[in-house]
Number of protein chains: 2
Amino acid sequence: MTTQPHILVVDDHRDIRDALAKYLEKNGMRATTAANAVAMDAALKAGRFDLVVLDVMMPGEDGLSVCRRLRANGTIPVLMLTALSDETDRIVGLELGADDYLAKPFNPRELLARIKAILRRAGPAMPSGGALAGRVLAFDRWLLDTDRRTLTCDDGADVPLTSAEFRLLTAFLERPRFVLSRNQLLDLTSGRAAQVFDRTIDNQISRLRRKIERDPTKPDLIATHWGGGYSLATDVREVKP
Amino acid sequence: MTTQPHILVVDDHRDIRDALAKYLEKNGMRATTAANAVAMDAALKAGRFDLVVLDVMMPGEDGLSVCRRLRANGTIPVLMLTALSDETDRIVGLELGADDYLAKPFNPRELLARIKAILRRAGPAMPSGGALAGRVLAFDRWLLDTDRRTLTCDDGADVPLTSAEFRLLTAFLERPRFVLSRNQLLDLTSGRAAQVFDRTIDNQISRLRRKIERDPTKPDLIATHWGGGYSLATDVREVKP
DNA sequence: CTGTTTTGTATCAAACTGTCGCAAGCCCCG
DNA sequence: CGGGGCTTGCGACAGTTTGATACAAAACAG
């Protein structure tokens, strides 16, 4: 596997959450944690994940409800955890669309094995243009054709984008007005974690700005948030294909 | 799923085997049974299956051994059954490549749910060998007749494809919008692994582009993913035969 | 206003890709 | 059976793209 799989661990117990994340990271994966459904939604919106490990028993929105919601909105694989060894509960979870189910207390090695089994199935099938494949998006005075990866200006000028620029722009267009940290952007564009002094994203922002900003000196479209990251400072609408 | 999934049930107990097959058939699947590893091999050779339900404890070749063999020879999903509830056994099965594991005695409803969960993942990526046989596919402004191996343009022009070009194009058409690495493409088109500096796929992509792209200088249909591979940047629809 | 941290961008080396040309292999046909 | 034409794999080479480093400019803290 060239890039590490990214796992989102959702559990209300901090100790379980952190231990699990640490164990996954020790075994060649990237892990992010969320304490409840709300935090999970934020994380999903902000980053790209390959699988969600979801505790059924949580205060706030129930794990089963969350699972149904995830299934309705996308295809991200879900592995459910529960303190109950109740069979009915297990079946309901699977029928709601979970990909697997594990009863607590569990052996972390088994969890890892199950995660790998699911990823083996789901992994190789990654769509290319993200959720935007085949669409045409309009923002500011630009039109982005996600198939041809070209930007067309109001005045008819065609600006070609490199692969990295396209992925960066796409990350923004999927989350207009949302502030994304360098880490998140690096995750979204190349699926890797940032190194200590990583100016990669700064550079790509700079290059992208040079192509799409009216005046790259005073950026309009991509805003800098000091100490925070960047955001797309305009709305995006989809053009009927 | 348009056609019923076809399940192969491998268990040495006739009563379990038959009851399971009947239950699966009552729930919208096709089921075939085999009493041991030898019978399973015969069945796999004779028909196309979507999943194998495999008992671990069998006279003759052991279920774990069978699982390892299945995994080595292909990608068909495997769900293991066992009388033991031993955790180690379960983990070994998963690490050998089983997609899931269920301890006897089990609730058939849970088995069905797990089968569906696996198929949901494995389903979209159907085995390639001639999945397109006898069909006519339309994409962009082209029509590909997979039987006659001819490519016809909107304007009526007939473009002949070489064997390698046809296999490459087919690989893309079976997985529109999915990024395929050079390794995967080489595997799909000629079944071999890439060498260190292997420009074979680059060349074939170049040749294919010259035939199907409007402007081979600025490819529209086959997109390059820097450091990743290539993808078909358009949808594919099947034309009624 | 001064020192520190963060950001923007130029520059460079390395990695990656597109394409050309050649040679070996294959097929068809005379 | 031999020859010509096509197909295919491969090395070579030039042009892009990319990440890292370096340093100046900008933003912030007191």
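Lettering follows sequence order; numbering is per chain, from 1. Bear in mind that the values here come from a model prediction, so they are computed numbers and not experimental data.
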Enquirer: Which nucleotide in the set dT18(D), dC10(D), dT17(C) lies at the smallest distance from any side-chain heavy atom of Y230(B)?
Expert: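 In terms of side-chain proximity for Y230(B), the closest of dT18(D), dC10(D), dT17(C) is dT17(C).
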
Enquirer: Rounded to whole angstroms, how far apart are CG on L186(A) and C1' on dT18(D)?
Expert: 12 Å

Enquirer: For H225(B) and dT18(D), what is the distance between atoms NE2 and P respectively, to the nearest whole Å?
Expert: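 Value for this atom pair: 13 Å.
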
Enquirer: Side chains of I205(A) and L168(A): closer than 4.5 Å at any heavy-atom pair?
Expert: yes

Enquirer: Hey, does the side chain of Q204(A) come within less than 4.0 Å of dT18(D)'s phosphate (OP1/OP2), counting only N and O?
Expert: no

Enquirer: Between G229(B) and G228(A), just flag the one whose closest nucleotide in DNA chain C comes earlier from the 5' side.
Expert: G228(A)

Enquirer: So, taking the atom named OG1 in T150(B) and the one named CG in L143(B), what distance separates them when rounded to the nearest 0.5 Å?
Expert: 9.0 Å

Enquirer: State which of dC10(D), dT8(D), dA27(D) makes the closest approach to the side chain of W226(A).
Expert: dA27(D)

Enquirer: If you assign each of T162(A) and Q195(B) to its closest nucleotide in DNA chain D, which residue comes earlier from the 5' end?
Expert: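 With T162(A) and Q195(B) compared, the 5'-side residue is Q195(B).
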
Enquirer: Flag the pair R14(A) and D18(A) as a salt bridge only when some basic side-chain nitrogen lies within less than 4.0 angstrom of an acidic carboxylate oxygen.
Expert: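 Salt bridge present between R14(A) and D18(A).
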
Enquirer: Please check the phosphate of dG18(C) (OP1 and OP2 only) for any side-chain N or O of T224(B) closer than 4.0 Å.
Expert: yes

Enquirer: In this structure, how many angstroms lie between the P atom of dT6(C) and the CD1 atom of I201(A), rounded?
Expert: 17 Å

Enquirer: Could you verify whether a donor N or O on one side chain and an acceptor N or O on the other, from Y101(B) and R114(A), lie under 3.5 Å apart?
Expert: no

Enquirer: Could you walk me through whether D145(A) and R149(A) pass salt bridge (Lys or Arg N to Asp or Glu O under 4.0 Å), step by step?
Expert: CA-CA 6 Å; D145(A) 182 329; R149(A) 314 194 145 207; over 6 Å; no

Enquirer: Atom CG of D198(A) to atom P of dT21(D): distance rounded to whole Å?
Expert: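 From D198(A) CG to dT21(D) P: 9 Å.
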
Enquirer: Do the charged groups of R69(A) and E61(A) touch, with an N to O distance under 4.0 Å?
Expert: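 Yes, this pair counts.
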
Enquirer: Whole angstrom is fine here: how far is it from CD in E213(B) over to P in dT19(C)?
Expert: 10 Å

Enquirer: Under a plain distance cut-off of 3.5 Å, with no hydrogens placed, do S181(A) and N183(A) share a side-chain donor-acceptor pair?
Expert: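 There is no such pair between these side chains.
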
Enquirer: Look at R182(B) and dT17(C) and indicate whether a side-chain polar atom (N or O) is within less than 4.0 Å of OP1 or OP2.
Expert: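 True: R182(B) side-chain N/O within range (under 4.0 Å) of dT17(C) OP1/OP2.
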
Enquirer: Report, one pair per line, the protein and nucleotides 9-11 of chain C atoms (nitrogen or oxygen only) whose separation is under 3.5 Å.
Expert:
| residue | atom | partner | partner atom | Å |
| --- | --- | --- | --- | --- |
| dT9(C) | OP2 | S206(A) | OG | 3.3 |
| dA10(C) | N6 | N203(A) | OD1 | 3.1 |

